[in-house]
Amino acid sequence: MAQTDQNEKLLLLDGNSLAFRAFFALHNSLDRFTNQEGLHTNALYTFSNMLDSLLASEQPTHMLVAFDAGKTTFRTKMFDDYKGTRSKTPAELSEQMPYFNKLLDAYGIAHYQLADYEADDIIGTLAKEANGEMPVVVVTGDRDLTQLTSDNTTVKVTVKGVNDVEAYTPEHLQEKLGLTPTQFIDLKGLMGDNSDNYPGVTKVGEKTALKLLDEYGSMENLYEHVDELKKSKLKENLINDKDQAFLSKQLATINTDAPLTVSLTDTKRQEPDQAALIRFYQQMNFQSKLAKLPQAAGEEASAVKMPEINFTELTKANLEVALAQKMQRSLVIDILGDNYHVETPIGFAFGTPDQWYYSDDLSLLTTAEVTQWLNDPEQEKDVFDSKKTKVLLTRLEVPIENMSFDLLLASYLLDTNDNSNDLGVLAQQYGYTDVQTDLDVYGKGVKRAAPTDYHELGEHLSRKAQAIYQLRPQLLKQLQENDQDQLYDEIEAPLAMVLAQMELAGITIDSQRLKQMQADFSQTLVDIEALIYEDAGHEFNINSPKQLGTVLFEELHLPIIKKNKTGYSTSVEVLEQLQSAHPIIDRILTYRQISKLQSTYINGLLKVIHPDHKVHTRYLQTLTQTGRLSSVDPNLQNIPVRLPEGRKIRQAFVPSHPDWEIFSSDYSQVELRVLAHVSGDENMQAAFKRGFDIHANTAMKIFGLDDPSEVTPDMRRQAKATNFGIVYGISDYGLSKNIGISRKQAATFIAAYFEQYPDVKKYIDDIVALAEKQGYVETIMHRRRYLPEINSKNYNLRSFAERTAMNTPIQGSAADIIKVAMINMQSRLQKENLQAKMLLQVHDELIFEAPTEEIPILEKIVPEVMDSAVSLDIPLVVESGHGKTWYDVKK
DNA sequence: AATTTCACG
DNA sequence: ACGTACGTGAAATTA
């Protein structure tokens, strides 16, 4: 036997199966992946990424990609209907198939197909040949190939998408299914294969087949003893389908003696042909792949580089010429990081495709010429992020009007999934490839900086401006086609300006108050720490779930309630169940609570206070999948309120002037009201129209009570959880876990709920069906969320998509409503000439500061504006409160 | 960079 | 037979 060379390794890929996986991995962005010739490229793109990552992780010296040769094989001769029910390969994939070989040639990787044989047989034959020569790794999307696994061969099967693989060795196969590789074939023989369309034994699926094999070892032995089985349907089926079973087994068996015209030596990897690779990437429009090529090749790539554009430096001398005519222009102002409240721009560019102007001299922005242009409501400005642009210019004390197109906002509305904050990435997705990403030009981490070459900065800024200009018509048209132009024009675009003002206003922090709390908490933490160490018998890091797990479950031997990926779970949920078991638990819970407040809220907030004594959050308007805002740096949408200790943090949020107050209004039960509206459920609508307590009302209904007085607090609590559950896309298991009842009882609740609110049930069923049919769901304002996984065969993915199909129209419509209210509110404050300022939004709540004398006015107009934001079948109810600090705002 | 935990609606 | 609530952001530890 030949000596096994430690360094040699053969990698065999199942080409067709992986091409399929690659195609469907990016199926939802199919139309974004086309090249200049209109060829779809998604499968090729994913496949080439897959190659890169496999080459890096496996480092094979030998490699071959096997493909199926055609429709007919020796198997179809044995069984006419073999793969007979396979649906036709989508045309968008077929057209890509010829290019896989070109790609592999450029990579220097062998590929092979053989008439009458499938890719499996080629792989099996080569794997056998390599036995004793070098180890083999097979990568496929098809679990059937696990029959090839041996001491020499590992079979990696893609789990989801293309990046996750499950590695099958004989040991793993044994562990997972209790089978040897040979028994796997018997498994297929007994159970058949739906996708390959061979039958196996009637009514025998994986479970039954595994049981039989566990008992009898093989199909042959099973049939020798089939008479001994006791009389049953199973026995009958086994006997009747015996021939079918053995035929299926034959079909499932991979032929490891295929008459290949290639051998192991032909699979040796060749040097990649860089020039061919570059040509291929260019033909396919894979800009990101071009960019990642090694240096030498990269230079070659940029030698054939992007088309020319006209850009020149803006100076005092050409300023007047640059802005001479009134016209639509695009404008780009760049900073290196994310925080436009503190960073200084590195440069800007504006103009039209005829001529772009750029500069890093910010003082040019404050010249009369530029200011006049920016401030002219008759001249349209196209930008990438209008809120950011507005804030940066405001900080430079330059007013701006009429940013009529915001590429970032528009693309977010079109598809929340494929949105990106990097213009370069986004432009590429829309097939516009003449612009680099910020990552490419500015770098990342400590190396992030403006290019040393000023000209290069100018080109990048100009190309970005050009991309905005060129994408505008395309995106506006798509918005119109989606019936989303109102959502853009009347909600998101004006909201961006409102948010800019709120962020700029900021909210004042009483840092003395925070520091005082900091000192108190420090002392408390030291005290509890000592007690915990005493309980444990030694010191350890309480903040480390790992160390805490060791102390609780190995040293103190407390019962293990739940595990996670890395070990024992120590979450509140678990600790609460252990509370009675040991005094250390209560102390840990207190420690956790205080240390959370200390690190996230006290220290966290102190870190981000500006010299004006305020924090200026950034609202991310284009992030969430539902249309909500999110808040970062700091997050002001999760300031503690539920527990009394944490709630005190709110005492540090104060008005910016003495004799002013904090004022706040929130919607009462918006999401359930939205549900009542969109479902049209009469019972639920009646409860809201009559002003009932909705949770008590639900309690009466599901517990079958006649009078609200019979509702106990616990019944109301359970009904409330059920109401929430419905909004989240309920399951009996989830509800039972949440309110601590049995699953069966939870199921009864849900059934009673649907009986009492029948149209809610109907709505849930209908919206899922609609999502399956059209691939997306919508809010009342036509905000869209695509759910590509709604028809997935994977139960988890599909279930998740179904729950989001139910939840998104509700959460998203509530977001629509408060956004409208915010826009109306801002103009109302201006119209009434009030000093009051809108400062924060927390999903269903708006927070203001105002001189004390304006509070009575706010008490009238804020609820008025909020409850009239949209007109629903049921009224919207708003509750308000005010006080010296945010803490003192009680409703 | 990933994981765990916990704060909010 | 299977594994579950929806949407977020930040801090700390660990790898």
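Heavy atoms only: backbone and side chains are in, while hydrogens, waters and symmetry mates are out. We name chains A, B, ... by the order of the sequence lines, and we start the count at 1 in each one.
Residue R743(A) is classed as a base contact, given a heavy-atom separation below 4.0 Å to a base. At a threshold of 4.0 angstrom between heavy atoms, the contacts of Q547(A) are confined to the sugar-phosphate backbone, with no base atom among them. Residue I810(A) is out of contact with every strand shown, counting any heavy-atom pair closer than 4.0 Å. Using a 4.0 Å heavy-atom cutoff across all strands shown, Q625(A) reaches sugar-phosphate atoms only and no base atom. Contacts of D732(A) with the nucleic acid, taken as non-hydrogen atoms under 4.0 Å apart, are absent. Nucleic acid contact class of D666(A) (heavy atoms, under 4.0 Å, all strands): none. N638(A) comes within contact range of at least one nucleobase, with a heavy-atom separation under 4.0 Å.
In this entry the distance linking CG of L787(A) with C1' of dC6(C) reads 13 Å, nearest Å.
Counting atom types as modelled, S731(A) pairs a side-chain N or O with a base atom of dT4(C) as donor and acceptor under 3.5 Å.
Reading DNA chain B from its 5' end, the first and the last nucleotide to sit under 4.0 Å from a heavy atom of chain A are dT3(B) to dG9(B).
No more than 12 heavy atoms of other residues, nucleotides or ligands lie within 6.0 Å of NZ in K565(A), so this atom counts as exposed by the packing criterion.
For the C1' atoms, the distance linking dA2(B) with dA5(C) amounts to 24 Å, nearest Å. Separation of the C1' atoms belonging to dC6(B) and dC2(C) is 29 Å when rounded to the nearest angstrom.
Contact record, Q718(A) with I741(A): NE2-CG2, 3.7 Å, taken as the closest heavy-atom pair.
For the OP1/OP2 pair of dG7(C) and a distance below 4.0 Å, the side-chain nitrogens and oxygens of T624(A) include no atom meeting the criterion.
Counting only Watson-Crick and G-U wobble pairs whose two key distances fall under 3.5 Å, DNA chain C forms stems of three or more stacked pairs at B:1-9 with C:6-14.
The cationic atom of R784(A) (NZ for Lys, CZ for Arg) lies less than 6.0 Å from the six-membered ring centre of Y776(A) and within 45° of the ring axis.
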